[in-house]
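Reviewing the structure listed below.
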Amino acid sequence: MAKWGQGDPRWIVEERADATNVNNWHWTERDATGWSKTQLEQLLVGIAVGSEAGSCEISDLKQMEGEASCNSRKGKLIFFYEWNITLSWKGTMKESGEKHEGFVEIPNLSEENEVDDTEISVSKKKGDGDVLKDLMRTEGTSKIREALRHYLKVLKTEFTLGMILPTKTSAGLELAVKKKLSENNVQDSVLPVSLDTVGVKIPTVKILLKEMFDSPVEELYSIFITKELVQKFSKSCAVIQAKRGGKLQMFDGCITGEYIELLPSQRIVMKWRCRNWPHEHYATVALNFKDRATQTELQVECKGVPVCNEDSTRQCWQKQHFKEIHVLLEQTKVNAE
């Protein structure tokens with residue numbers, strides 16, 4: 001019989017209040033299938049490439065079959081994923097204006113192959129326009145691989161938050177990581193990013209973005225507080241209760257939050273979170289509207305974004321918000337004419 005305090009450390013509760021899965025020894029599993037489908041669609045649909053001959057864009061996710069999961073055993077994470085993906089693409093010839101379309105197939109995205117070795121095939125429907133097919137096969141494929149690499153990065157970081165439970169030993173490592181993060185000078189390509197830590201365990205960043213819109217300030221402001229307009233640019237159901245304490249829900253529940261402050265045509269402040277963030281963790285998002293004569297400058301400040309979600313949060317604002325609002329404003333202008 002082992003002496004007191006000298007037993008197998010796998011079974012020793014290391015000052016954990018919950019005494020759950022001590023030392024991360026037992027097998028745990030988390031299904032990543034639904035989360036992955038949302039991530040892959042957001043990352044792949046909208047990819048655009050262009051050349052002197054014309055331009056192409058991934059227009060739709062036609063089919064996605066497969067599954068993904070993450071498992072934890074003995075303090076190690078093990079990933080399983082296997083996807084068969086078919087995307088639709090559309091292209092336009094620059095000189096003639098001819099439109100062409102086709103498909104992109106990714107038959108086996110799995111942990112068995114590196115992204116660079118994953119097969120990606122591009123096809124085109126009948127007719128001319130092979131130059132657009134070549135554009136998708138070269139530039140388009142390169143961007144698709146970049147998106148797949150990003151998916152795997154967030155799968156192995158943000159999705160796994162909380163799977164490896166902290167122990168007495170890991171606490172010192174966590175402090176070291178936080179110290180390293182605070183010492184790093186994190187820079188944005190356009191605007192600076194500052195680093196914070198919210199609570200005890202979640203290191204966060206503050207994201208600053210700017211975008212110019214061809215719209216009067218009143219019109220742009222209304223897009224963020226009017227349910228019908230939010231549903232138009234997000235192409236999904238939404239809950240918009242534009243008042244202090246009112247609820248916010250967009251992209252079929254992928255984004256949720258609450259309005260904190262509304263100053264007409266000047267400022268909106270919200271509690272804001274993505275579905276895949278750590279449970280009950282919210283960022284504070286401030287939208288500042290600046291009247292620039294015939295245009296409006298939107299300044300976005302997202303404070304409290306988990307470090308591992310920084311890239312996906314930027315893409316959410318730049319692709320799902322800015323890009324789609326530009327399209328909505330252009331459609332509104334055409335309809336008015």
Side-chain angles (χ1 to χ4, degrees), residues 10-11 13-14 16-44 61 63-85 106 108-115 118 147-171 173-174 177-178 181 197-205 249-257 272-283 304-316:
R10 292 174 295 179
W11 316 116
V13 178
E14 289 191 333
R16 285 185 54 84
D18 55 10
T20 302
N21 198 11
V22 179
N23 281 317
N24 302 289
W25 187 256
H26 302 294
W27 180 279
T28 60
E29 181 174 353
R30 183 180 292 179
D31 183 14
T33 302
W35 176 89
S36 294
K37 288 182 176 180
T38 300
Q39 286 289 324
L40 286 166
E41 182 172 10
Q42 291 180 351
L43 289 168
L44 294 170
L61 174 61
Q63 174 182 291
M64 183 185 296
E65 297 178 346
E67 60 183 349
S69 64
C70 178
N71 303 279
S72 171
R73 176 74 167 106
K74 298 181 181 179
K76 295 181 180 179
L77 293 174
I78 306 167
F79 298 91
F80 299 98
Y81 54 92
E82 185 173 5
W83 295 105
N84 180 357
I85 302 170
I106 309 171
N108 185 28
L109 173 65
S110 72
E111 74 279 355
E112 296 178 356
N113 302 305
E114 296 293 334
V115 170
T118 298
L148 295 178
R149 278 190 285 267
H150 183 77
Y151 157 67
L152 295 179
K153 175 185 175 183
V154 295
L155 172 65
K156 296 176 180 180
T157 53
E158 65 185 51
F159 181 78
T160 59
L161 286 174
M163 289 196 70
I164 300 296
L165 301 174
T167 65
K168 185 176 180 180
T169 302
S170 65
L173 292 174
E174 183 178 347
V177 170
K178 288 182 181 179
L181 281 169
T197 299
V198 173
V200 178
K201 299 178 182 177
I202 305 175
T204 66
V205 293
Q249 182 173 303
M250 297 173 59
F251 303 108
D252 296 323
C254 288
I255 301 295
T256 54
W272 190 95
R273 65 174 269 109
C274 292
R275 178 188 289 161
N276 55 15
W277 286 11
H279 184 62
E280 291 300 314
H281 179 80
Y282 286 83
V305 176
V307 168
C308 56
N309 297 98
E310 179 185 351
D311 291 341
S312 59
T313 302
R314 288 181 185 281
Q315 290 198 22
C316 177

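Just so you know, residue 1 is the first one in the sequence shown, and it goes up from there. Please read these numbers as outputs of a predicted model, since none were measured by experiment.
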#### Entry: Under 3.5 Å: donor-acceptor pair, side chain of R273, backbone of P278
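Yes; judged by distance alone, with no hydrogens or angles, the pair exists.
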Contact summary for [X] and [Y], nearest pair of heavy atoms:
X    : Y    : answer
M64  : W83  : CG-CE3, 3.6 Å
D252 : R275 : O-NH2, 2.9 Å
V307 : T204 : CG2-N, 3.8 Å
N108 : T118 : O-CG2, 3.7 Å
A68  : Y151 : CB-OH, 3.8 Å
W35  : N276 : NE1-ND2, 2.7 Å

With side chains defined as the heavy atoms from C-beta onward, is the minimum distance between [X] and [Y] less than 4.5 Å?
X    : Y    : result
C274 : I255 : yes
I85  : L61  : yes
V115 : L152 : yes
H150 : Q315 : yes
S312 : L43  : no
T313 : W272 : yes
L77  : K156 : no
D311 : V154 : no

### Query
Do E310 and R314 sit within salt-bridge range, that is, some charged N less than 4.0 Å from a carboxylate O?
yes
First locate atom [atom1] of [X], then atom [atom2] of [Y], and finally report the distance between them rounded to the nearest 0.5 Å.
X    : Y    : atom1 : atom2 : answer
L148 : E114 : CG    : CD    : 12.5 Å
K153 : Q39  : NZ    : CD    : 12.0 Å
Q42  : C316 : CD    : SG    : 6.5 Å

### Query
So does E67 have more than 12 non-hydrogen atoms from other groups sitting under 6.0 Å from CD?
no
### Query
Does CD in Q63 sit with more than 12 non-hydrogen atoms of other residues, nucleotides or ligands closer than 6.0 Å?
yes
### Audit row: T33, S69, side chain to side chain contact (heavy atoms under 4.5 Å, CB included) steps and yes/no
CA-CA 7 Å; T33 302; S69 64; over 6 Å; no
### Query
Going through the distances and angles, do S110 and Y81 end up as a side chain to side chain donor-acceptor pair (under 3.5 Å)?
CA-CA 5 Å; S110 72; Y81 54 92; over 6 Å; no
